[in-house]
Asks: 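Pasting a structure below so you can have a look.
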Amino acid sequence: MRWDPTDPLQRHARYSLHAGIWGLFFALLSVPEVALLLGALSLYWGISALRGKPPASAREGRGGGGRRGHRGVAATAEDVAGTARRPEGSEGGTGTDAEGGSGDGRGGAGGRTPIPLAVTPAQAAKAKRTAAVSGLVAAGLTLAIVASTYAFQFAYSDYFTCQNDALTQSSRDDCKRHLPEELRPFLENRS
């Protein structure tokens, strides 16, 4: 696992990425209200993830002296992953099975190295930075699409008002006079 679910800055970076992508989808699917909300949240979470300082336990080298912090017992990566990984020599038996593995089928067979358990601070920082920057890019695109949508609706409000107030198809077709000729082919088949 490359990210630490107990670190709030990494959670904010992940939230930023997910909210930005979903905001982009909603912006492209013409739901600008939801896209605006998700884009703004993504921007906030991305900036807070990049500007925030790591927790004291991460700066001190992760868990030095058995100190867990001021919140009590914190979840570990194993708790969140739902696995019970043990070092290779810590099994109760001989450590071998019929195929020459480690007895539990998880490692040691065929010269495989065990999966590293801890996330290094460099890996955690890189994962956080990558997710936060990607979330900021997605948020920027989302907010740009939403802003252009609202600007277009504001600039051509006469056209949209005419479309909404039209009672017949012929009067709706007559609303094209409110648009520049360059934009008429794009909005021609839209109802």
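For reference, positions follow the sequence shown, starting with 1. A quick note: this is a predicted structure, and the numbers were derived from the prediction, not measured.
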Asks: Do Leu136 and Leu41 belong to the same hydrophobic cluster, where Ile, Leu, Val, Met, Phe, Trp and Tyr are linked whenever their side-chain heavy atoms lie under 4.5 Å apart, directly or via other members?
Replies: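 Unlinked, Leu136 and Leu41 end up in two clusters.
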
Asks: Looking at Ser48 and Leu9, what are the two nearest heavy atoms and their distance?
Replies: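 For Ser48 versus Leu9, the nearest heavy atoms are O-CD2, 3.8 Å.
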
Asks: Under 4.5 Å between side-chain heavy atoms, counting indirect links through other Ile/Leu/Val/Met/Phe/Trp/Tyr residues: same cluster for Ile47 and Leu36 or not?
Replies: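 Yes; Leu36 is reachable from Ile47 via cluster members.
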
Asks: Looking only at heavy atoms, which two atoms of Ser42 and Ser16 are closest? And how far apart?
Replies: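 For Ser42 and Ser16, the tightest heavy-atom pair comes out as OG-O, 2.6 Å.
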
Asks: If I take atom SG from residue Cys175 and atom CG from residue Asp158, how far apart are they, to the nearest 0.5 angstrom?
Replies: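 Here the rounded value is 10.0 Å.
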
Asks: Working note: Leu50 + Val133, criterion side chain to side chain contact (heavy atoms under 4.5 Å, CB included); need CA distance, chi angles, decisive distance, verdict.
Replies: CA-CA 8 Å; Leu50 288 175; Val133 169; 4.3 Å; yes

Asks: Measure the spacing between CD1 of Ile21 and CG of Leu17 and express it to the nearest 0.5 Å.
Replies: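 Here the rounded value is 5.5 Å.
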
Asks: On a heavy-atom basis, which atom in Ser171 and which in Cys162 lie closest, and how many Å separate them?
Replies: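 Taking Ser171 first and Cys162 second, the nearest heavy atoms are O-SG, 4.4 Å.
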
Asks: Give me the ring orientation class for Phe26 and Trp22: parallel if the planes are under 30° apart, tilted from 30 to 60°, perpendicular past 60°.
Replies: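 Ring orientation of Phe26 relative to Trp22: tilted.
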
Asks: Working to the nearest 0.5 angstrom, can you tell me the gap between His12 NE2 and Asp7 CG?
Replies: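 Between His12 NE2 and Asp7 CG, I get 10.0 Å after rounding to 0.5 Å.
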
Asks: CG of Leu28 to OG1 of Thr149: how many Å apart, nearest 0.5 Å?
Replies: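 If I round to the nearest 0.5 Å, the distance is 9.0 Å.
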
Asks: Hydrophobic clusters here meaning ILVMFWY residues chained together by side-chain heavy-atom distances under 4.5 Å, can you tell me if Phe25 and Val34 are in one?
Replies: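 Yes: a chain of side-chain contacts under 4.5 Å links Phe25 to Val34.
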
Asks: Distance check, rounded to the nearest 0.5 Å: Glu33 atom CD versus Tyr150 atom OH?
Replies: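 Reported to 0.5 Å precision, the distance equals 4.0 Å.
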
Asks: If we ignore hydrogens and angles and just use 3.5 Å, is the side chain of Ser157 paired with the main-chain N or O of Gln153 as donor and acceptor?
Replies: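 Not confirmed, Ser157 side chain does not pair with Gln153 backbone.
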
Asks: Report the C-alpha distance between Thr142 and Leu38 in whole Å, list the side-chain angles of each, state the deciding distance to 0.1 Å, and finish with yes or no for side chain to side chain contact (heavy atoms under 4.5 Å, CB included).
Replies: CA-CA 8 Å; Thr142 299; Leu38 290 173; 5.8 Å; no

Asks: Would you compute the distance between atom CD of Gln10 and atom CZ of Arg129 and round it to the nearest 0.5 angstrom?
Replies: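 So the gap between those two atoms works out to 11.0 Å.
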
Asks: Mind checking whether Tyr156 and Phe152 have ring centres under 6.0 Å apart?
Replies: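 Ring centroids of Tyr156 and Phe152 are less than 6.0 Å from each other.
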
